[in-house]
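Shown next, in structure tokens, is the structure this report addresses.
Quick note: numbers below take in every heavy atom, side chains included, and nothing from hydrogens, waters or symmetry partners.
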Amino acid sequence: MMRSLYAGVSGMQNHQTKMDVIGNNVANVNTTGFKRGRVDFQDMISQQLSGAAAPTTEVGGVNPKEVGLGVQTAAINTIFTQGNLQSTGVSTDVAIQGNGFFILKNGEESFYTRAGAFSLDQDGTLVNPANGMRVQGWMAREMNGEMIIQTAATPTDLTIPVGSKDPAHATRNVNFACNLDKNTPEIPAEGATEADIAKGTWATEFKIYDSFGNEHNLAVSFTRVRGTPNRWTATVNVDPENSEFTNTQVGFGTTNGMENTFTVEFDNTGTLRRVVDSSENTSNDSGEIILQASFLVADSTPDADGNPERQTFNINLGTIGSQRNTVTQSAATSSTKAWYQDGYTMGYLDNFKIDDSGIITGVYSNGQRRKIGQLALATFANQGGLEKAGENTYVQSNNSGIANIGQSGIAGKGKLRAGVLEMSNVDLTEQFTDMITTQRGFQSNAKTIQTADTLLETVLSLKR
């Protein structure tokens, strides 16, 4: 009889524990990145009244007689199912779609979270604004003129240098492509009018930059070579209105002493064959054709001879025998032009964006984009073994395994979504249903105690 009293007590206690978990779930229904808890019950040890007996020749076997002593909480598990994603439009809000945790640092202590409501502090460091913990990742480093992110390195604080300068970069490469019309008329040897010259010349213009970030006009005109099929003369001028000063020179290798012209030859299929500069230097027989051009830069520091700086850049006409991103000659409207150059003026970091890989790209006022860093993600062999540390964070435990840190989309890690937050995975319908069954279980165990008490009272009344 006493056993039923204590069994009822254990039932009420453990159903109260389950109600506490349900209450916490409901309280966090709107908590960003919250993962609901679930209580699992198991029966307690049973008291054996008699053991089992094996069958004999006379009678069959006898089952054991056992009385259970109540219920206990087997586990309180954290359920890491995906929460719904809600768009916020805030560039620093990031959600994980799939497995993984953001890594936060408080000094040397690491915390892990699914809540990606981040922002920048006064130093430009990406932090959780609620507690100041710093978001971890990898900062980009410049190597050979390119921004490289080494994701094999130890993650560090991520700093976004908002308002920082991007220095001016002189043009080093200019690429030409498209087509020269084979039906372009030749310019008469004598008596050519302006209209004849205009019809027989295809002129292109493109903006390039010097080392100060000043803009210059690169003009390249193509003219049919009279009496010779499939040959064109190209004339290059930087700032044509000031061509006497800029003194443009073009050639293979060094441009010293070169003129500003070269000859382009095509084969009978209209593909690029070779190029000859003004000193009769001929291009290679295969691969890309790259000429070097140079011009004088005004207001630059003079050299040892007192001359202004001469800036050089490459003119890439494309690949011999190719039709792709290469100058060609076909019986179609001329469209050859420069389609790429790598120079730019000075700019400031205006904005930044985070892509699905967690790469943070800076957008500068000069139109350039630079990799700034990349968010790191951590996964665990047993994420259910993580310990909750409050403030939407978890810490590593003895049963979670060691954090496996890497970039998103790799080794089972989820993808990132910028401008989005992951909502709580609490389903109120499920919680209210559990609440009803928990309440009934609690009431039933209370009835067990009341009934046992009535039986005890009956026993005590026998003495009267």
Exercise for the section: Decide side chain to side chain contact (heavy atoms under 4.5 Å, CB included) for Ile289 and Ile320; before the verdict, give the C-alpha distance in whole Å, the side-chain angles of both, and the deciding distance to 0.1 Å. Expected result: CA-CA 7 Å; Ile289 295 182; Ile320 293 175; 3.6 Å; yes
Problem - Separation of Ser164 OG from Tyr364 OH (nearest 0.5 Å) - result: 4.0 Å
Problem - Pair Tyr394 + Phe80: ring centers closer than 6.0 Å - result: yes
Handout entry: Close side-chain approach of Val420 to Val94, heavy-atom, < 4.5 Å
Key = no
Exercise for the section: Could you tell me whether Lys337 and Glu205 have a side-chain N and a carboxylate O separated by less than 4.0 Å? Expected result: no
Exercise for the section: Salt-bridge test for Arg274 and Asp285: reply yes if a basic N is under 4.0 Å from a carboxylate O, no otherwise. Expected result: no
Exercise for the section: Please check if the side chain of Asn316 supplies one atom and the backbone of Val174 the other of a donor-acceptor pair under 3.5 Å. Expected result: no
Practice task
Taking Thr451 for its side chain and Thr448 for its backbone only, find out whether a donor-acceptor pair lies under 3.5 Å.
Solution key: no
Problem - Full working for side chain to side chain contact (heavy atoms under 4.5 Å, CB included) between Asn314 and Asn175 - result: CA-CA 8 Å; Asn314 296 322; Asn175 295 352; over 6 Å; no
Fill in the blank from the handout: When rounded to the nearest 0.5 Å, the distance separating CG of Leu386 from NZ of Lys388 is 10.5 Å
Handout entry: Nearest atoms (heavy-atom pairs only) where Pro64 meets Gln48
Key = CB-NE2, 4.1 Å
Handout entry: CZ (Phe212) with more than 12 external heavy atoms under 6.0 Å
Key = yes
Exercise for the section: Please say whether more than 12 non-hydrogen atoms of neighbouring residues, nucleotides or ligands are located less than 6.0 Å from CZ in Arg310. Expected result: yes
Problem - Atom of Met139, atom of Asp157 and distance for their closest heavy-atom approach - result: CG-O, 3.7 Å
Practice task
Say whether, by atom type as modelled, one donor and one acceptor occur between the side chain of Asp427 and the main chain of Thr429 under 3.5 angstrom.
Solution key: yes
Handout entry: Side chains of Asp267 and Thr269, donor plus acceptor under 3.5 Å
Key = yes
Exercise for the section: Ignoring hydrogens and angles, tell me if any N or O in the side chain of Thr326 forms a donor-acceptor pair with the backbone of Thr319 under 3.5 Å. Expected result: yes
Problem - Check: Lys105 and Ser110 side chains under 4.5 Å, non-hydrogen atoms - result: yes
Exercise for the section: State, with a plain yes or no, whether a side-chain heavy atom of Asn445 is found less than 4.5 Å away from one of Lys447. Expected result: no
Handout entry: Main-chain N/O of Arg172 paired to Asp342 side chain as donor or acceptor, under 3.5 Å
Key = yes
Exercise for the section: Assess whether atom CG of Asp123 is packed by more than 12 heavy atoms of other residues, nucleotides or ligands within 6.0 Å. Expected result: yes
Side chains of residues 369-381: which donor-acceptor pairs under 3.5 Å do they make with residues two or more places apart or in other chains?
unit_1, atom_1, unit_2, atom_2, d
Arg370, NH2, Asp166, OD2, 3.4
Arg370, NH2, Tyr344, OH, 2.3
Gln374, NE2, Ser357, O, 2.8
Gln374, NE2, Gln407, OE1, 3.3

Practice task
Could you tell me whether the side chains of Ser91 and Lys353 share a donor-acceptor contact shorter than 3.5 Å?
Solution key: no
Fill in the blank from the handout: Scanning both residues in full, the closest heavy-atom pair of Leu69 with Ser10 reads O-OG, 4.3 Å
Problem - Closest contact, heavy atoms only, Val327 versus Phe266 - result: O-CE2, 3.4 Å
Problem - Charged tip of Lys18 within 45° of Phe41 ring normal and under 6.0 Å - result: yes
Practice task
Report the C-alpha distance between Glu309 and Ser211 in whole Å, list the side-chain angles of each, state the deciding distance to 0.1 Å, and finish with yes or no for side chain to side chain contact (heavy atoms under 4.5 Å, CB included).
Solution key: CA-CA 10 Å; Glu309 176 194 9; Ser211 56; 3.7 Å; yes
Exercise for the section: Would you check if the side chain of Ser322 reaches a backbone N or O of Gly318 as a donor-acceptor pair within less than 3.5 Å? Expected result: no
Practice task
Indicate whether the side chain of Asn179 and that of Ser335 have a donor and an acceptor atom separated by less than 3.5 Å.
Solution key: no
Exercise for the section: Output, in order, the C-alpha distance, side-chain angles, deciding distance and verdict of ring-ring contact (aromatic ring centres under 6.0 Å, His included) for Phe102 and Phe118. Expected result: CA-CA 11 Å; Phe102 297 110; Phe118 304 136; 5.1 Å; yes
Practice task
Start with the C-alpha gap between Glu146 and Asn144, add the side-chain angles, then the distance that decides, and say whether side chain to side chain contact (heavy atoms under 4.5 Å, CB included) holds.
Solution key: CA-CA 6 Å; Glu146 186 178 357; Asn144 299 323; 5.7 Å; no
Exercise for the section: Say whether Asn24 and Asn28, considering side chains only, have a donor N or O and an acceptor N or O under 3.5 Å apart. Expected result: yes
Handout entry: Note, Leu126 side chain near Thr159 side chain (heavy atom, < 4.5 Å)
Key = no
Problem - Heavy-atom donor-acceptor pair, Ser400 side chain to Gly385 backbone, under 3.5 Å - result: no
Problem - Nearest-0.5 Å distance, OG1 of residue Thr171 to CZ of residue Phe206 - result: 8.5 Å
Practice task
Could you tell me whether the side chain of Asn25 and the main chain of Gly37 form a donor-acceptor pair under 3.5 Å?
Solution key: yes
Problem - Side-chain touch Phe262/Leu291, heavy atoms, less than 4.5 angstrom - result: yes
Practice task
Tell me yes or no: between the side chains of Asp210 and Gln311, is some donor less than 3.5 Å from an acceptor?
Solution key: no
Handout entry: side chain to side chain contact (heavy atoms under 4.5 Å, CB included), paired with Leu104, selected from Asn392, Val135, Val127
Key = Val135
Practice task
Check whether more than 12 heavy atoms from other residues, nucleotides or ligands sit under 6.0 Å from atom CG of Asp40, and answer yes or no.
Solution key: yes
Practice task
For residues Gln341 and Lys207, determine if any side-chain heavy atom of one lies less than 4.5 Å from a side-chain heavy atom of the other.
Solution key: no
Practice task
For the residue pair Asp93 and Thr88, confirm or rule out a side-chain donor-acceptor distance under 3.5 Å.
Solution key: yes
Practice task
May I ask you to check whether Thr328 and Ser330 show a side-chain donor-acceptor distance below 3.5 Å?
Solution key: no
Handout entry: Ring centers of Phe101, Phe111 separated by less than 6.0 Å
Key = no
Practice task
Supply the atom-to-atom distance Thr31 OG1 to Arg36 CZ, rounded to the nearest 0.5 angstrom.
Solution key: 15.0 Å
Practice task
Calculate, to the nearest 0.5 Å, the distance between atoms CD1 and CG belonging to Ile96 and Leu416 respectively.
Solution key: 6.0 Å
Practice task
Could you tell me the separation between the CG atom of Leu218 and the OG1 atom of Thr204, rounded to the nearest 0.5 Å?
Solution key: 6.5 Å
Practice task
Report yes if the side chains of Ile354 and Ile359 come closer than 4.5 Å at any heavy-atom pair, otherwise no.
Solution key: no
Problem - Donor-acceptor under 3.5 Å (Gln82 side chain, Gly98 main chain) - result: yes
Handout entry: Expected output: side-chain Asn106 to main-chain Glu109 donor-acceptor under 3.5 Å
Key = no
Exercise for the section: Report, as yes or no, whether the 6.0 Å neighbourhood of atom CG on Leu49 holds more than 12 heavy atoms from other residues, nucleotides or ligands. Expected result: yes
Exercise for the section: Return the minimal non-hydrogen interatomic distance between Val426 and Gln431, and the atom names on each side. Expected result: CG1-CG, 3.6 Å
Practice task
Grab the two heavy atoms, one from Arg134 and one from Gln136, that are nearest each other, plus how far apart they are.
Solution key: O-NE2, 3.2 Å
Exercise for the section: May I ask you to decide whether Glu422 forms a salt bridge with Lys35, counting only side-chain N to carboxylate O separations under 4.0 Å? Expected result: yes
Handout entry: Pairwise side-chain contact, Leu158 with Thr125, heavy-atom cut-off 4.5 Å (strictly under)
Key = no
